[in-house]
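Start at 1 with the first residue, then count along the sequence.
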Amino acid sequence: MDSSVLIGPEALPALAELLYRPAVTRVFVLADSNTSRLCLPLLEKHLPVNYCLIEIPAGEEYKTLESCTTVWNTLTEQRADRHAVLVNLGGGVVTDLGGFAAALYKRGIRFMQVPTTLLAQVDASVGGKTGVDFQGYKNQLGVFQAPAAVFIEPLFLQTLDPRQVKSGYAEVLKHWLIADAAAFDEHRRLGWLTDDWTGIIRESVALKQRIVAQDPLESGPRKLLNFGHTVGHALESFLLIQPGREALHGEAIAAGLVCESWLSVQRGLLSEDELDKIETFVFSVFDKLNFLSLEAAAIAELALQDKKNSGATINCTLLQGIGNGVFDQPVTVAEIAESLTYYHRL
């Protein structure tokens with residue numbers, strides 16, 4: 001485990017030790033309207049008394065340049081210098097947006113991630129990807145910028161409703177599907193509920209770190225981590241711009257896992273039996289997302305904006321058997337639409 005990622009009861013005291021060092025001139029905390037209320041009380045005793053809170057509204061629809069402007073305005077008004085530190089307290093929206101805002105302010109100030117959702121703890125806060133949505137496209141603007149450190153306290157998960165925890169579980173499931181067949185087999189028998197997430201978080205973070213260490217800037221093996229995301233991001237983006245139909249990130253990714261597993265079967269990479277096991281596990285945790293069959297083509301078109309694409313070629317990560325992801329697999333808009341139609345009929 002990377003020493004810059006601390007997991008468990010020692011995480012927040014270690015954060016305090018870093019923040020009280022003389023090299024830090026001022027501490028800013030970015031939170032959303034939920035985490036400022038539910039999570040900040042747990043963090044606050046580890047913060048300097050003169051920290052400054054920056055609050056943005058909660059929700060994917062606020063993962064925008066406008067929210068970044070809120071952060072930049074406060075940093076500027078408070079005369080934050082390049083030795084200031086931004087602590088991002090929240091889920092994937094806050095950790096992504098906060099990292100992006102910190103990376104651009106005065107050409108970069110240090111930031112630390114304190115992820116409060118399972119999604120952020122096992123995925124979004126680890127690996128140095130930051131960004132915001134733009135013109136309805138997921139993470140269209142962003143930079144690779146590693147945090148100074150990540151502090152994961154599983155107690156924060158107690159502030160979440162089950163739907164949010166499930167959303168994060170989609171990324172855990174993705175990690176098993178691309179790189180750990182034994183864990184997939186074990187957990188599909190155990191089910192997704194647990195009293196203590198610490199072990200699962202440690203394993204999932206370690207798996208992601210091993211992949212990222214090989215390819216920090218996503219030119220090769222790191223693309224494996226996008227399994228489920230080519231279709232999932234397209235579906236999430238499509239529903240996000242329609243009030244009342246929004247899906248959580250993990251819910252869309254879970255649908256993407258099924259669609260891209262089906263595409264793997266069509267390529268002869270995955271067996272029908274393995275697809276059945278994946279579908280059974282996914283639907284034991286997640287409800288099916290609702291969209292109209294005639295919307296499949298429009299959803300698939302959004303995949304043309306996927307960041308892994310090369311020109312007009314949509315590059316997808318597929319499975320060559322459970323536990324063995326393969327990246328840079330070209331797929332067409334028509335094939336993505338077919339996969340969505342297949343999912344819709346299940």
* Could you tell me whether E218 and K129 make a salt bridge, using a distance below 4.0 angstrom between a side-chain N and a carboxylate O? => yes
#### Entry: Centroid-centroid distance, W192 to H187, less than 6.0 Å
no
**Y169-F286 aromatic ring centre distance below 6.0 Å** = no
Between N88 and G98 the two heavy atoms that sit nearest each other are OD1-CA, 3.3 Å
Regarding E295 and R245, does a basic nitrogen lie under 4.0 Å from an acidic carboxylate oxygen?
yes
Next on the checklist: Can you classify the ring geometry of H233 versus H249 as parallel (below 30°), tilted (30 to 60°) or perpendicular (above 60°)?
Outcome noted: tilted
Note to self: Can you confirm if the aromatic rings of Y342 and W262 lie within a centre distance of less than 6.0 Å?
What the structure shows: yes
Per side chain to side chain donor-acceptor pair (under 3.5 Å), E251 is matched among R163, K166, K288 by R163
Residues 68-89 vs salt bridge (Lys or Arg N to Asp or Glu O under 4.0 Å), sequence neighbours excluded, gives none
(request) Answer yes or no: is there an ion pair linking E203 with K208, defined by an N-O contact shorter than 4.0 Å? (result) no
For the residue pair N73 and T76, confirm or rule out a side-chain donor-acceptor distance under 3.5 Å. no
Given the options Q121, Q209, K174, H175, S204 meets side chain to side chain donor-acceptor pair (under 3.5 Å) only with H175
